[in-house]
Amino acid sequence: MVTISLTHYVMLSAILFSIGLFGVLAKKNAVSVLICIELMLNAVNINFIAFSKYITPADFMGQIFAIFVITVAAAEVGVGLAIIIAIYRNNLPVDLDEIDWLKW
Amino acid sequence: MLETIFIDIANWIRNLLGSAGVPALWNDTVMMLVKLTAIIVFILINALWLVYMERKVAGYMQARIGPNRVGPKGLLQTTADIGKLISKEIIIPKNVDKILFLLAPVLIFVPPLTIFSVIPFGKNMMAIDLNIGLFFVFAIASLSTLIFWIGGWSSYNKYSLLGSMRVISQMVSYELPMMLALLGVIMIVGSLNLSEIILAQESAWFIISQPIAFLIFFIAAVAECNRVPFDLMEGESEIIAGPYTEYSGMGFAMFFLAEYANIMIASAMTTVLFLGGWLAPFGLTFIPSWLWFFVKMYVVIFVFMWLRWTYPRVRIDQLLGFGWKVLVPLSLANIFVTGIGMYIYRALGW
Amino acid sequence: MLVEFAMHHAWLVPLIPALSFLIIVFLTRPFEKLTAFLSVSFMAISCFFASLAAYGVFNNHELAEHPLVYNFFNWLSIGIPGANELQINLGVQLDPTSAMMLFMVSFVATFIQLYSVGYMKGDPGFSTFFSYVSLFAASMLLLVISSNLLEMFVAWEGVGLCSYLLIGFYSHKISAREAAKKAFVTCRVADFGLLLGILGLVITFGTLDIMELNDKINNFKEYTSYGTLTLLAVLVFIGPIAKSGQFPLHVWLPDAMEGPTPVSALIHAATMVVAGVYLVARMMFLFDAVPAAMNMVAITGGFTALFAALIAITQTEIKRILAYSTVSQLGYMMLALGVGSLTASMFHMWTHAFFKALMFLAAGSVIHAVHTPNVWKMGGIVKKMPVTSWTFVVGGLAISGIPPFAGFWSKDEILVATMNSGHYVLYAMGAFTAFLTAFYMWRLIFLAFYGKEKPENHPHESPWTMCVPLVVLAVGATVGGFFGMPWNNMWAHWIFFGEPHHAGHVAWGAMISSVALAVAGIYLAYRLYLKDTEKVKARQLAEKYQFWYQLSFNKFYIDEIFLWFNHTVVDGSAKLMYLFDIYVVDGIVNGLGGFARLTGDGLRVLQTGSMQNYALVFFLGVLAVTILMAFTGPSAAGLVLGGVM
Amino acid sequence: METCIYNVIAFYMLAAVILGSAVMIVAVRNIVHSVLFLAACFISMAGIYLLLDAVYLAIIQVLIYAGAVCIMIIFGIMLIRRADMKESNLFNKQTKLAAGVVAMTLAVYGILAGKTAWTDVTSNVPVPADSLDKIGGLLLSQYVIPFEVAALLLTVALIGAIMLAREVKADGDN
Amino acid sequence: MDNKLDSVIKELQEKFSEIKVSEQQVVTVPVEQLTSFMQMLKDEYYMDFLTNVTAVDYPSDKNQNGEEDDEEDKGTMEVIYNVNSITEGYTLMVKTSVARQNPKLPSMFSVWGGAHFQEREVFDLLGIIFTDHPDLKRILLDDSFKGYPLRKDFQWVGGRK
Amino acid sequence: MFGKGLVKGLNVTWKEFWSKKFTVQYPDEQHTKPPRFHGKFQLNSDACIACGLCANACPNGVIKIESEKVNKKKYLTKYVMNIQYCLFCGMCVEACNKGALRFTQEHDMSQYFYKDIPLVFVDREAPKPDPETENKEKDDDKSKKAGKAPEKEGQ
Amino acid sequence: MLRTETYTVNFGPQHPATHGVFRVMLNLDGERIVKAEPVCGYLHRGVEKLAENRTYQQVIPYTDRLDYLAAGLQNQGYVETIEKLMEIEVPDRAEYLRIITAELSRIASHVLFVGVYALDIGAFTGFLLCFRERERILDLMEELTGSRMTYSYARIGGVAADAPEGWLDRVEKVVNDLPYYFDIYDDLISGNEIFQARTKYVGYLSAESAVDYSLSGPTLRGSGIDYDLRKAKPYSIYDRFNFEVPLGENGDCFDRYFCRILEMRQSVYILQQAIEQIRETDGPIMAKVPKVLKPPKGEAYHEIESSKGILGYYVVSDGSNKPYRVHVRRPSFVNLGFLDEMCRGGLVADLVAILGSIDIVLGEVDC
């Protein structure tokens with residue numbers, strides 16, 4: 001009988017994380033980067049919950065941590081979008097390629 | 001006998017399958033499928049009937065008699081309409097996002113159908129007895145926002161876009177007071193399980209102990225269903241038909257029917273949460289519980305229709321202002337008062 | 001049954017006004033009548049509960065020594081559970097002292113709110129005012145019943161906030177805004193001391209619970225030294241100095257008269273300013289353990305009493321006179337505490353609450369009617385406003401210490417206690433203050449209520465909502481003292497520290513002398529301000545003692561001294577610091593900066609400015625570290641990372 | 001641990017959907033489609049959570065991610081209008097470099113995951129049935145300070161977002 | 001008609017000698033004085049309500065077929081304003097005429113906002129140009145329409161057989 | 001009190017819900033038309049003298065009349081109403097001195113084909129002038145005129 | 001409110017809220033209106049030009065088709081202008097019949113307005129209930145004139161036909177019933193808080209700008225200007241009736257709406273008086289006018305108070321049997337001129353409320 005073990009979840013999370021990372025590094029659109037960050041956070045969440053179930057099922061540490069991750073993610077999206085909108089509002093480009101004001 | 005008729009049928013099928021030598025696992029699967037299919041069929045038929053009912057109610061309230069030509073008393077009117085709509089061409093305008101445009105009417109039925117799997121129609125009559133059923137309902141219901149938006153956005157039409165933006169802001173704003181209003185109920189019951197909520201109303205329905213919550217919930221439910229006086233999404237005198245503007249044929253019919261499915265959910269939830277679900281009032285238990293449920297549900301649906309054919313439409317800023325400035329503080333106050341009330345109640349031990 | 005309920009749910013007393021605050025703020029603000037009704041009725045319910053609780057407490061003698069303490073939930077737990085965990089509970093401590101305060105505060109607050117219905121009519125901020133007052137009452141009541149210092153501190157700050165809001169209620173007036181700021185800042189300065197004291201207590205004794213502290217301080221040698229304890233006591237006392245308007249931080253109190261009159265009555269007569277006294281009373285065990293601190297309290301109190309009375313005799317604004325009188329009376333209370341008589345202090349607080357609230361309200365009524373606060377511009381009001389005037393006269397008799405009015409009994413009690421404890425100088429100061437009190441108070445009465453009518457004033461009696469509280473409080477000011485007559489000594493039987501006093505010991509000498517002083521003061525005022533219709537003699541006296549008059553009239557230039565201090569000392573040192581900063585500190589920093597800039601110029605090619613580019617490099621780094629750690633073993637990684645991991 | 005063939009099937013199906021839609025999120029050229037794939041990804045992630053006996057988190061996932069975050073992003077996109085939605089989600093210049101880094105990350109991650117002996121730490125205790133009660137209790141007792149901090153964070157984020165996205169008054173007379 | 005109006009017209013005649021008054025109390029004003037005249041009507045006689053603006057085409061030959069060649073046309077166009085006074089209760093018809101060849105006159109928009117649409121309509125149907133009008137373009141007819149239909153020489157091509 | 005109007009509105013619709021309905025099931029039952037109803041036209045071609053007054057009165061040029069002179073008398077050969085242009089103002093009926101043109105109560109004038117829309121009342125050949133009957137007709141004419149007059153008054 | 005780029009939306013020409021083929025070009029910032037430019041002419045039929053090629057009587061049916069919702073008023077306006085031109089005295093009975101038709105038309109138009117306005121705001125039931133009452137009035141008019149909407153009833157010098165037997169009694173019955181229905185409208189529509197929230201303080205029109213922009217009718221009176229030609233310059237026989245001119249206070253949509261409701265009540269009052277008086281008036285219904293009308297050379301401008309505002313006819317005669325020039329001063333058209341200013345800064349939904357409240361009829365706007 002085939003079973004699903006912790007490794008499966010960890011691998012799923014790894015692939016998801018990598019896809020998200022690729023998006024963060026390689027997409028032009030700032031919103032898209034935000035989306036990919038969400039993907040990465042979700043990958044982390046999978047790990048948390050999988051560990052919670054397989055390693056410490058009784059004390060729910062992972063699940064609670066995941067809840068906090070979700071909270072932070074929601075806050076991050078809100079602020080991130082607000083920043084992007086503010087940039088757009090000032091008639092500046094939203095493409096990350098062209099945002100280089102960090103340069104000296 | 002009548003009380004348990006549906007459960008009996010289910011058991012009979014289960015026994016039949018069992019005696020036919022189907023393994024337990026498969027038996028469960030089949031049973032689940034049967035239940036869900038029954039619910040889907042029920043909803044679809046009900047949606048058809050509700051369209052008819054709406055037209056009848058509207059007619060009667062407007063000094064006319066509504067559909068009366070197709071079938072006895074016009075009962076088959078909606079069926080005929082659907083038949084017509086199916087046979088009509090689905091017009092796909094130029095420049096629309098074709099896949100999403102076609103996907104939206106299909107997806108729009110998914111959330112209501114999913115939600116119905118946890119609603120208790122009668123004593124022990126629910127497809128899935130979920131521990132956090134109430135939460136589940138809201139989680140799934142919040143998805144339909146996205147689907148309305150897909151429909152509106154993909155239409156490539158300014159009215160549709162305006163309508164879909166309205167949908168989003170409206171549904172997002174009213175989800176909040178809706179949930180906050182229910183916190184009072186949840187605090188009293190101490191559970192998110194829908195059957196437990198019903199059972200907790202044995203002594204008094206929550207409409208009596210939580211009248212403000214009921215009012216807020218009902219108003220928010222009307223808004224969530226995009227019904228008058230909150231039907232800004234369609235607002236035919238302003239933005240033609242909102243997200244539905246470009247839909248024709250069956251695509252439109254799907255949206256239309258989904259609206260009724262959503263009304264059913266809203267009224268079923270109202271019934272479950274505030275009107276005692278399938279509990280019989282005044283000890284009239286000889287009427288089966290599921291019948292009570294439907295009676296209550298239809299009363300609520302009637303009120304929905306009654307409102308629709310009475311009130312004008314509010315404006316978008318009034319709608320949002322009302323949600324955020326009136327309903328949200330009121331629901332918070334309700335939670336506060338409920339908490340204090342519960343504490344005093346327990347402290348006094350009355 | 002109901003009494004039992006009230007005692008065990010004393011937390012309802014502050015909660016009800018808090019509830020009314022919330023309801024007013026969120027729901028009924030637009031509906032003024034509803035707001036007023038709600039606020040007053042909630043306060044009345046609260047008062048009803050409070051009186052029930054007080055009744056219960058005074059019927060249960062055990063509570064005098066073993067207060068009823070219960071915690072209704074665990075508020076915070078800091079630290080590792082089980083080990084050195086600090087449990088802070090939201091609790092209630094009910095003993096005769098707090099029960100008395102509970103009753104007094106809610107009673108006075110109820111009538112003041114009722115009075116405000118009439119006073120604030122037509123004000124655009126009507127509802128806001130009631131919400132503030134409700135919140136204020138809630139905070140004060142919470143302060144009274146709290147069972148631990150943190151809870152008390154929260155309420156203390158709540159009271160401070162509300163007083164800020166209320167003093168600055170007429171925020172369109174610059175003076176009101178300034179007064180509010182002054183009150184707030186002055187109190188915050190002192191609260192810092194209090195907070196330090198509380199922290200010190202926690203660190204030293206590991207608890208904030210008042211009863212536990214009591215036990216632990218009784219044998220403080222196990223925890224700390226005498227010196228530390230003295231320091232803690234002094235720190236704790238700093239808070240009350242400002243809050244209760246003791247010298248030298250009393251400056252905010254007279255200015256605070258900018259608020260609406262009911263606020264003055266509520267905050268500056270009956271409730272908030274006595275919070276400091278109450279805190280000291282609550283922490284009596286702490287001060288009692290340190291005689292030096294005790295003496296400090298006594299001297300501060302006595303000096304404040306005399307000092308404020310001296311200022312009061314030359315003031316012209318009716319509310320300012322009352323304000324300085326309040327400061328003076330608070331000095332009395334502190335004095336009583338300092339000499340170790342909790343009984344006398346609390347007793348004076350009780351009587352003072354009645355007569356001072358009464359006088360403030362009556363003064364408000366007068367100002368309301370004649371539209372000027374200046375006593376010289378009033379006169380002969382007694383004919384037009386009989387209720388107000390006569391109640392004020394009752395207040396005046398009470399504060400001057402004329403038997404059988406309330407003030408006499410309590411003041412006498414304080415003086416006796418002072419004498420008994422052997423502080424003869426303080427006794428003399430107290431006695432002189434009593435004389436001054438009678439003088440300035442009757443000066444006020446004669447100037448404002450009697451004498452010639454001024455033609456420009458058209459006073460008229462106030463509406464019933466304003467009169468009823470006056471009458472009720474006047475009755476209180478008359479009979480309030482009978483609880484503590486030396487013959488029955490009911491008061492001392494209940495509220496005491498250490499051992500209860502015993503009845504029968506009547507100090508006739510002190511009593512007679514204080515009455516004589518009071519009568520002398522009144523007579524002097526009569527001669528100067530009523531008999532002499534042109535006030536010639538008074539003017540002559542002022543001319544003659546020009547220096548002293550000016551000193552008193554300008555409040556001994558305390559405000560100016562503070563200003564001077566601020567301008568010279570604080571600003572001067574700041575200037576020095578500035579010079580140090582720009583030459584020494586900046587010199588170092590600029591030097592470093594120059595170096596960094598040179599380096600940066602070389603390295604800035606690496607700055608692409610693109611966020612994603614940085615992220616890429618960052619991840620490369622993470623990757624490298626991971627590989628190092630995972631594939632080479634911890635030691636090698638540690639080597640590379642410089643022992644960070 | 002009850003192993004059921006359904007779980008296996010469900011896992012593989014959900015994983016396929018998740019990864020498929022994740023790839024699409026990155027690959028698709030239209031940002032709106034990207035968001036919709038994101039929603040699909042989130043919903044199937046909720047399925048994974050169900051498999052992991054985290055019912056509460058599954059619901060939270062749907063409610064917050066699919067119901068709120070996606071909609072928020074859509075709102076953001078709608079506010080940032082651009083001429084052609086169809087070309088709104090392109091790759092930048094360092095794509096190839098990024099692909100290299102990601103491939104390395106994945107390799108390292110994979111090797112590490114494979115190397116670790118998970119079975120050693122795995123405990124065979126089933127997840128308690130009343131997880132909701134437990135989580136609620138823990139959140140309000142042991143984790144109350146993080147909980148409050150999270151609440152504070154959300155408030156701060158809310159206010160910050162409003163301040164950032166607030167209408168910029170042109171000329172000050174608008 | 002109205003005594004009040006009579007006196008007003010008399011006053012007007014004194015102030016503007018060039019105006020002509022017909023039997024029906026219709027005032028004809030030369031184009032040059034139109035704006036100042038109207039402004040005065042509004043400011044001094046409280047004629048605050050411009051009811052109606054219209055125009056009539058009078059080709060020289062009055063031949064409605066418009067067959068003679070236009071270049072020699074010496075005809076005129078009359079623009080008619082009906083002005084009411086809500087407060088005083090009188091009403092006045094003011095006329096002015098412009099040459100048909102070059103139909104131009106100042107817009108009344110600066111005096112009465114109500115002239116906006118009505119002048120646009122007159123422009124649309126008769127081709128009279130109101131200078132200073134803020135937005136003078138066709139209002140009823142299509143932008144691509146040729147000619148001005150209410151001129152007498154307009155020939156309509158098409159219609160039902 | 002806020003909400004009073006809302007409740008009143010609900011009350012109105014609730015009352016209407018139970019009130020009498022006004023629907024007329026059209027093809028089955030029909031409203032009775034008043035006598036002056038401007039319905040379909042009817043021409044009494046015998047009474048018509050082809051005078052053309054109706055055609056002149058019509059604002060829209062709906063009526064087309066052709067007649068031929070037969071025996072010194074106008075003989076109506078064609079009477080067509082292009083009813084698609086008709087305003088149903090009733091000017092023609094008013095204009096008819098002979099009472100030949102009338103309104104009926106019939107209102108359903110829809111046709112499947114466009115060409116069927118015009119009402120063709122008369123479309124006939126003029127009879128050959130018959131010299132034999134010419135005199136006779138003259139007599140008839142006289143008698144007709146005599147007989148017509150009271151008839152017209154009756155209308 | 002988040003600021004976004006403005007974008008243009010074509011509101012119409014085919015749109016449920018424009019009451020016909022009418023277009024408003026909206027510049028929107030989110031849902032806020034930056035500019036609203038009315039574009040009309042989709043229904044332009046050239047009535048003024050047509051009239052130049054018709055005899056004086058033949059123009060009457062065309063006037064019906066301007067404001068087809070209150071055709072009686074249009075007929076009256078035109079006919080009275082010609083009478084003024086030719087100086088014809090109209091018999092009393094004809095005047096009464098004209099006034100009864102005119103006021104019935106006014107009520108019919110206002111009832112329809114109330115219903116349609118409710119529909120614009122989103123209340124469907126009010127729309128149909130209003131139609132029920134309108135139908136009763138139309139039945140009466142059908143009985144009198146033979147047509148339900150385009151009456152062509154008035155004739156130069158009188159009216160087309162006398163009232164049928166018992167007609168006046170039926171009119172009286174309907175008229176007496178009407179106030180009951182107005183109460184229903186008040187309960188269902190005017191009193192509704194949502195309706196009030198949608199219309200109050202929306203589309204503000206100050207008295208000054210209303211006069212400046214030549215607005216008329218209830219639109220003008222909603223802003224508090226007491227200017228009703230029936231009272232200010234009584235034409236026909238309006239000086240024989242006793243009635244009041246209802247005025248608004250705030251000049252918002254609700255006032256404009258409510259003015260009409262009150263005006264209907266006043267119309268009922270006028271009708272009651274008119275029926276009472278016509279019963280005592282016998283006589284001819286036509287003045288003696290020649291068959292072929294050839295008015296003397298000259299011109300005439302005459303205005304009446306129609307249901308939408310001041311309806312003026314300007315007719316120039318050159319002595320022939322056809323008018324040389326006919327111009328119609330259409331209230332709907334002129335009232336539309338202020339739409340942009342009223343809408344600016346409002347929401348899309350406000351546009352619907354404002355457009356509804358000035359009660360345009362496209363037949364009239366486009367002429």
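These numbers come from the heavy atoms of this one structure, side chains and all, not from hydrogens, waters or symmetry mates. Treat the numbers as computed from the prediction; the structure is a model and nothing was measured.
Among Ser214(G), Ala300(G), Gly41(G), Gly312(G), the residue with the largest count of heavy-atom pairs under 4.5 Å with chain E is Ser214(G). For the set Asn335(G), Leu43(G), Leu215(G), the entry with the most heavy-atom pairs within less than 4.5 Å of chain E is Leu215(G). The candidate with the highest count of non-hydrogen atom pairs below 4.5 Å against chain G, out of Asp48(E), Leu50(E), Thr51(E), is Thr51(E). Ranked by heavy-atom pairs shorter than 4.5 Å toward chain E, the options Glu303(G), Glu48(G), His327(G) are led by His327(G).
Checked by atom type and distance alone, the side chain of Glu83(G) never pairs as donor or acceptor with a backbone atom of Ile88(G) at under 3.5 Å. A donor-acceptor pair is defined here as one N or O able to donate and one able to accept, closer than 3.5 Å; such a pair exists between the side chain of Ser223(G) and the backbone of Leu205(G). A side-chain donor-acceptor contact under 3.5 Å links Ser317(G) to the backbone of Pro296(G).
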Residues Arg106(G), Glu305(G); criterion salt bridge (Lys or Arg N to Asp or Glu O under 4.0 Å); working and verdict: CA-CA 10 Å; Arg106(G) 190 188 309 279; Glu305(G) 185 74 29; 5.5 Å; no
Verdict with reasoning, Lys95(E) to Glu78(E), per salt bridge (Lys or Arg N to Asp or Glu O under 4.0 Å): CA-CA 7 Å; Lys95(E) 273 187 181 177; Glu78(E) 271 182 2; 3.3 Å; yes
Test salt bridge (Lys or Arg N to Asp or Glu O under 4.0 Å) applied to Arg230(G) and Asp228(G), step by step: CA-CA 5 Å; Arg230(G) 290 178 293 171; Asp228(G) 187 329; 3.0 Å; yes
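At a 4.5 Å heavy-atom cutoff, the contact between Phe333(G) and chain E is made by backbone and side-chain atoms alike. For Val26(E), the part sitting under 4.5 Å from any heavy atom of chain G is the side chain, from C-beta outward, and nothing else. Of the two parts of Asn52(E), the backbone and the side chain both hold a non-hydrogen atom closer than 4.5 Å to a non-hydrogen atom of chain G. At a 4.5 Å heavy-atom cutoff, the contact between Lys49(G) and chain E is made by backbone and side-chain atoms alike. Proximity to chain E (any heavy atom under 4.5 Å) is restricted, for Glu37(G), to the side chain, taken from C-beta onward. Heavy-atom distances place the side chain of Leu141(E), and not its backbone, under 4.5 Å from chain G. With a 4.5 Å cut-off on non-hydrogen atoms, Glu299(G) touches chain E through its side chain but not through its backbone. Using a 4.5 Å cut-off between heavy atoms, Val39(G) does not touch chain E at all. Residue Asp135(E) touches chain G through its side chain alone, counting heavy-atom pairs closer than 4.5 Å. For chain E, the nearby parts of Tyr301(G) are the backbone and the side chain; heavy atoms of each come within less than 4.5 Å. Both the backbone and the side chain of Val211(G) have a heavy atom closer than 4.5 Å to some heavy atom of chain E.
For Tyr58(E) and Tyr324(G), the distance between ring centers is under 6.0 angstrom. If you look at Phe123(E) and Phe130(E), their ring centroids are not closer than 6.0 Å.
Ring geometry for Phe109(E) against His133(E) counts as tilted: the plane angle lies between 30° and 60°, on a 0 to 90° scale. Relative orientation of the Tyr78(G) and Tyr313(G) rings is perpendicular, given thresholds of 30° and 60° on the angle between their planes.
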